[in-house]
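Step one of this worksheet: look at the structure below.
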Amino acid sequence: MIGSMTGYGRGEARNNQVSVAVEIKTVNHRHLEASLRLPAGLWELEPAIKKQLHAALRRGRAEVILHLLSPLAGTREGVVDLDLARKYIKALRSASSRLGVKGAPDLALLAGLPDVVRVEERPLPAAQIRPLVEKALGQALTRLLSMRRAEGRKLAQDIRRRLGTIGRVAQQVKQRFGRSARRQAQALRGKLREWMKPDSAESKRFIQDAVSRYVRADITEELVRLHAHLSQFAQFLGQREAVGRRLDFLTQEMHREVNTLGAKASD
């Protein structure tokens, strides 16, 4: 089956802690080339993602985007900036001494000062997210391949229609060549009777030259090769492996045969 390299797929997976989504887009390219866009802290998943891509795809430029969708994508922790708290204490004690105000900063006061206490998001380890990423990527690849196969089927239908057109035209050329050759032979025989004696040396040389010209102008070989190329092309369209290079070669060979037909044609 002929396949397209253009496609899009998306997949999602979740558990009770995190929800992820994977998008993948592919366009034409001679080889498989992947670019990844991953959230910070998840780059260690890159080898596993690329391995899954290579198992599913053979060619195309692929762009993979990983999204963390859930707000629970990790744990929230309170963090105390002790160094900043010490600086606040030192500054407050200095102000107390210089202003003659009694008292010392307590924990409640420090906790209310800017940036001493803050809440930070601690992302889940990549190892915990990996199974979800693999599942979402698998869904995305399934949808991508379905889209690529659908487009490939449309391309194959169009190519088969064109192969049929070439085959019909080649058959018309074959029939016309036969009629043209008969007309030329009749015209030559008429000229021989008109100009020359049937058994003269000049007549024999003329016949030999005419036969030689006919052989050089014969297009039977080109037509046979063209039909063979058309048949091979149609067979390759039904194969599952990559056949682009073979189809390209056959296209060049068909052009060669058609050009030779045009050069030989006297009609």
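For reference, positions follow the sequence shown, starting with 1. Since the model is a prediction, treat every value here as computed from it, not as a measurement.
For OH of Y8, the number of neighbouring non-hydrogen atoms (other residues, nucleotides, ligands) closer than 6.0 Å is greater than 12. Within 6.0 Å of CZ in R130 there are 12 or fewer heavy atoms belonging to other residues, nucleotides or ligands.
Not a single donor-acceptor pair under 3.5 Å links the side chain of D248 to the backbone N or O of G244. Side chain of R61 to backbone of V27: no donor-acceptor contact under 3.5 angstrom is found. Under the 3.5 Å distance criterion, the side-chain polar atoms of S19 are left unmatched by any main-chain donor or acceptor of N15. Without hydrogens or angle criteria, T142 side chain to G138 main chain gives a donor-acceptor distance under 3.5 Å.
Taking CG from L141 and OG from S146, the interatomic distance works out to 12.5 Å, rounded to the nearest 0.5 Å. Atom CZ of R86 is separated from atom CG of L82 by 5.5 Å, given to the nearest 0.5 angstrom. Atom CD of E257 is separated from atom CG of N259 by 9.5 Å, given to the nearest 0.5 angstrom.
Across all their heavy atoms, A21 and E12 have their closest contact at CB-CG, 3.8 Å. Minimum heavy-atom separation, F233 to T251: CE1-OG1, 3.4 Å. Residues A156 and L237 share a closest heavy-atom pair of O-CD1, 4.4 Å. Closest heavy-atom contact between L226 and A170: CD2-CB, 3.9 Å. Between R10 and H67 the shortest heavy-atom distance is NH1-CD2, 4.4 Å. Looking at every heavy atom in both residues, H227 comes nearest to G167 through CE1-O, 3.9 Å.
Under 3.5 Å, the side chains of R168 and T165 contain a donor-acceptor pair of N or O atoms.
Annotation: side chain of V258 is not in contact with side chain of T260 (no heavy-atom distance under 4.5 Å). By the 4.5 Å heavy-atom criterion applied to side chains, V20 and L66 are counted as neighbours. Counting only heavy atoms from C-beta outward, the side chains of S94 and K90 never approach each other to under 4.5 Å. Residues T26 and R148 meet the side-chain proximity criterion, which asks for heavy atoms closer than 4.5 Å.
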- prompt: Passes side chain to side chain contact (heavy atoms under 4.5 Å, CB included), L223 versus L261? Steps please.
  reply: CA-CA 8 Å; L223 288 172; L261 286 174; 4.1 Å; yes
task: Please assess M254 against L230 for the test side chain to side chain contact (heavy atoms under 4.5 Å, CB included), listing each intermediate value before the final yes or no.
output: CA-CA 8 Å; M254 285 191 284; L230 290 171; 3.5 Å; yes
message: Quick one, R37 with E63, criterion side chain to side chain contact (heavy atoms under 4.5 Å, CB included). Give me CA distance, side-chain angles, the key distance, then yes/no.
response: CA-CA 8 Å; R37 291 166 54 186; E63 180 184 4; 3.2 Å; yes
query: Checking side chain to side chain contact (heavy atoms under 4.5 Å, CB included) for the pair L250/F236: CA distance, chi angles, key distance, verdict?
result: CA-CA 10 Å; L250 286 175; F236 285 144; 3.6 Å; yes
Contacts table for residues 39-57: side-chain donor-acceptor under 3.5 angstrom, sequence neighbours left out:
residue : atom : partner : partner atom : Å
E46     : OE2  : K50     : NZ           : 3.0
Q52     : NE2  : E134    : O            : 3.0

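For the pair D158 and R162, the salt-bridge criterion is met [side-chain N within less than 4.0 Å of a carboxylate O]. Between E253 and R256 there is a salt bridge, since a side-chain N of the basic residue sits under 4.0 Å from a carboxylate O of the acidic one. Between R153 and E151 there is no salt bridge, since no side-chain nitrogen of the basic residue lies less than 4.0 Å from a carboxylate oxygen of the acidic one.
Placement of L132 and L36 within a single hydrophobic cluster is found when ILVMFWY residues are connected by side-chain heavy-atom separations under 4.5 Å, directly or transitively. Under the 4.5 Å side-chain heavy-atom criterion for Ile, Leu, Val, Met, Phe, Trp and Tyr, L38 and V22 are members of the same hydrophobic cluster.
A side chain to side chain donor-acceptor pair (under 3.5 Å) with R225 is found for one member of E222, H229, E221 and no other, namely E221.
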